[in-house]
Amino acid sequence: MYYEPEIMNAYKLLHEGVLAFAHAEQQGIRIDMEYVTLKMKHLTRTIEKLEANFSKTKFFRHWQHTVKGKVNIHSNVQLANFLYKIKGIQIEKETVSGQGATDEEALRKMDIPELSDLLQIRKLKKIRDTYLDGFIREQVDGYIHPFFNLHLVKTYRSSSDSPNFQNIPKRDEEAMMIVRRALCPRPGHQLLELDYSGLEVRIAACYHKDKTMLAYINNPASDMHTDMAKQIFIIDKFNKDLPSHNVLRQAVKNGFVFPEFYGDYYKNCAESMACSWGKLGRGVWKPGQGIDMPEGHLADHFIKKGIKSFPKFVDHVQKIEKDFWGRRFPEYAKWKETWWREYKKKGYLIMHTGFRCSGIMSRNDVINYPVQGSAFHCLLWSFIELDKRLERKEMNSKIVGQVHDSIIIDIDPRELEEVVKLVYKITCQDIQKTWPWIIVPLDIEIELCPIDGSWAEKEKYEFRYFFS
DNA sequence: GGAACTCGCCAC
DNA sequence: AAACGTGGCGAGTTCC
């Protein structure tokens, strides 16, 4: 059988990657056991209290009245049955198998106060049972040793388990603080995390080489998300330092730009931006609705601009999508077509890093796999290189984990400057020499927690003065 | 009594 | 033409 020569580079990356990951697994991450034990007790008390209150409500008594045995408030089968069959609520959202959904979005739409209480219970149980209990179960002498796998993901990314170190809460402030407080450096050390900034966007650009996108990446003062926010929300004097404008920018970034890159389309994007972020309804908009900003409420602003209802906004976003791929990023759009056509002809695709994806893939798979995979491989290459260098220098600082585009180091404060310089050299400079296909600059951000602090306390670390 | 499934939810 | 990519895991439920 014929293999393209690049496949040996891919093999080498996997081989060395497995060894480097094993090294990190062996190090492990320290858990503040005293804290976790105490916090679990607190959470259990709070959950019991919330459950007791919940079972006193009219809602619960009605529910209990309609079933033969005992209600289990954590059973979504029972909950769906009660809400949709007994109470006769119209199903607005279905699960993948076509049942009435009972996820947060579905429950919030029903506007029943008791369901908010149920969601709060769910959230605390998730924190306790998935994360804190997982740490307790997996720890050995106060250290967890999460596995990092390289053989399980279709795109040749990694996965993690026992416990999964790649889905520790971050967005929800309360969950983040509770769970990350449990993760600590070794005594006298600090936890440091280095993140590649916008890695997937940059690696995508190495494939499609779109002129406009390259300009955005090469000019740090430019901001694609702000430009798109101006266009979508029709605001000329856009100021992202204004809290309300920043909400719109985030809405555009997470509700339009990234979903479009992943292959989503205008209808979902319009809904996400207007309803989830802008807090507007799906019908005709009325004055005073939506988030508040200097231009007035979002609804008033849109009405003034001639967009009086959600359907009108959908049309508006459709035009912007057309403009996005047709005028702004035509070379990116062309690349998507070329790769899809090539895949259909050959039945496989080869990444810049030498990995081959074959089997049945959708159009979205074909545009996402190479980008997701090779972006991760940049991280993996850096991980391997850094691991070797720390080992060779016999440093006390050790890599302990990785989250797709970031590396977590348990660092000896005395080695901080040396490690940071090394990290920057490897992640942003050396990698360019190894892989000439990386035609964009790569950049990182660093976060650091205090000595003997926890991962919840990490803060942005200004390291650039080392280089000035 | 365990395997396999669904659902919901956490991350990038 | 089609219509969001990749995972892990806990709890409940169903199947054998």
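Because only heavy atoms are used, hydrogens play no part in the values below, and waters and symmetry mates are left out as well, while side chains stay in. By convention in this document, chain letters (A, B, ...) are assigned in the order of the sequence lines, proteins followed by strands, and residues within each chain are numbered from 1.
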Over 60° means perpendicular and under 30° means parallel, so classify the ring planes of A:His404 and A:Phe376, tilted if in between. perpendicular

Length of the line joining A:Tyr265:OH and C:dC4:C1', which is rounded to integer Å: 11 Å

Assign A:Asn167 to base, sugar-phosphate, or nothing according to its heavy-atom contacts below 4.0 angstrom with the strands shown. base

Assess whether one donor atom and one acceptor atom, taken from the side chain of A:Gln166 and the base of C:dG7, lie less than 3.5 Å apart. no

If we check side-chain contact (heavy atoms from CB on, under 4.5 Å) with A:Leu115, which of these qualifies: A:Leu119, A:Ile112, A:Asp111? A:Ile112

Determine the contact category for A:Thr102: base if any of its heavy atoms lies under 4.0 Å from a base atom, sugar-phosphate if only primed atoms, P, OP1 or OP2 are that close, otherwise nothing. sugar-phosphate

Classify the nucleic acid contact of A:Arg137 as base, sugar-phosphate or nothing, counting any heavy atom under 4.0 Å across all strands shown. sugar-phosphate

List the steps, then state whether salt bridge (Lys or Arg N to Asp or Glu O under 4.0 Å) holds for A:Glu34 with A:Lys41. CA-CA 11 Å; A:Glu34 208 177 311; A:Lys41 279 189 196 136; over 6 Å; no

Under 4.0 Å, counting only non-hydrogen atoms across every strand here, what does A:Lys123 touch: a base, just sugar-phosphate, or nothing? nothing

When you get a sec, tell me which of C:dC4, C:dG8, C:dT13 is the closest nucleotide to the side chain of A:Val77? C:dT13

Check every strand shown and say whether A:Lys170 touches a base, only sugar-phosphate, or nothing at a heavy-atom separation below 4.0 Å. sugar-phosphate

Measuring to OP1 and OP2 of C:dT13, would you say a side-chain N or O of A:Gln78 lies under 4.0 angstrom away? yes

Has the side chain of A:Ser160 got a donor or acceptor atom that lies under 3.5 Å from a matching backbone atom of A:Phe147? yes

Using atom CD of A:Glu200 as one end and atom C1' of C:dG7 as the other, report the distance to the nearest whole Å. 13 Å

Select one nucleotide: of C:dC4, C:dT6, C:dG7, the one nearest the side-chain heavy atoms of A:Thr155. C:dT6

What is the nucleic acid contact for A:Gln99, judged by heavy atoms within less than 4.0 Å: base, sugar-phosphate only, or nothing? sugar-phosphate

OP1 or OP2 of C:dT13 sitting under 4.0 Å from any side-chain N/O of A:Ser75? yes

With a non-hydrogen cut-off below 4.0 angstrom, is A:Arg122 in contact with a base, only sugar-phosphate, or nothing? sugar-phosphate

In whole Å, I'd like the distance from the CG atom of A:Asp133 to the P atom of C:dA11. 8 Å

At under 4.0 Å between heavy atoms, what does A:Val371 touch on the DNA or RNA strands: base, sugar-phosphate, or nothing? nothing

Once you round it to whole Å, what is the distance between P of C:dA11 and CG of A:Leu118? 15 Å

Please classify the nucleic acid contact of A:Ser160 as base, sugar-phosphate, or nothing, using heavy-atom distances under 4.0 Å. sugar-phosphate

So, is the end of the A:Lys336 side chain (NZ or CZ) under 6.0 Å from the ring centre of A:Trp325 and within 45° of the ring's axis? yes

Of A:Gln372 and A:Trp340, whose nearest nucleotide on DNA chain C comes first from the 5' end? A:Trp340

Pick base, sugar-phosphate or nothing for A:Ala175, based on heavy-atom distances below 4.0 Å to the nucleic acid. nothing

Step by step, work out the side-chain hydrogen bond (donor to acceptor under 3.5 Å, both in side chains) result for A:Ser382 and A:Glu385. CA-CA 5 Å; A:Ser382 298; A:Glu385 208 55 28; over 6 Å; no

Would you please classify the geometry between the A:Phe258 ring and the A:Phe261 ring as parallel, tilted or perpendicular, with 30° and 60° separating the classes? tilted

Output the rounded distance in Å from CD (A:Glu271) to C1' (C:dC4). 14 Å

Determine, for A:Tyr348 and A:Lys346, whether the Lys NZ or Arg CZ falls below 6.0 Å from the six-membered ring centre while staying within 45 degrees of the axis. yes

Rounded to whole Å, please give me the gap between NZ in A:Lys126 and P in C:dG12. 14 Å

So what does A:Tyr369 hit on the nucleic acid, given a heavy-atom distance under 4.0 Å: a base, only sugar-phosphate, or nothing? sugar-phosphate

Is any side-chain N of the basic residue among A:Lys240 and A:Asp223 closer than 4.0 Å to the acidic one's carboxylate O? yes

For A:Ser406, report the nucleic acid contact type (base, sugar-phosphate, nothing); a contact means any heavy atom under 4.0 Å. nothing

Within this structure, what is the CG-to-P distance between A:Leu150 and C:dT6, rounded to whole angstrom? 18 Å

NA contact type, A:Asp365, heavy-atom cut-off 4.0 Å: base, sugar-phosphate, or nothing? sugar-phosphate

Which nucleotide span of DNA chain B, 5' end to 3' end, has atoms closer than 4.0 Å to non-hydrogen atoms of chain A? B:dT6 to B:dC12

Roughly, in whole Å, what's the span from CD1 in A:Ile367 to C1' in C:dA2? 11 Å

What's the closest nucleotide to the side chain of A:Asp264 if the choices are C:dG10, C:dG8, C:dA3? C:dA3

Classify the nucleic acid contact of A:Pro169 as base, sugar-phosphate or nothing, counting any heavy atom under 4.0 Å across all strands shown. sugar-phosphate

Give a yes/no answer on whether the side chain of A:Asn72 brings an N or O atom under 4.0 Å of OP1 or OP2 in C:dA11. no

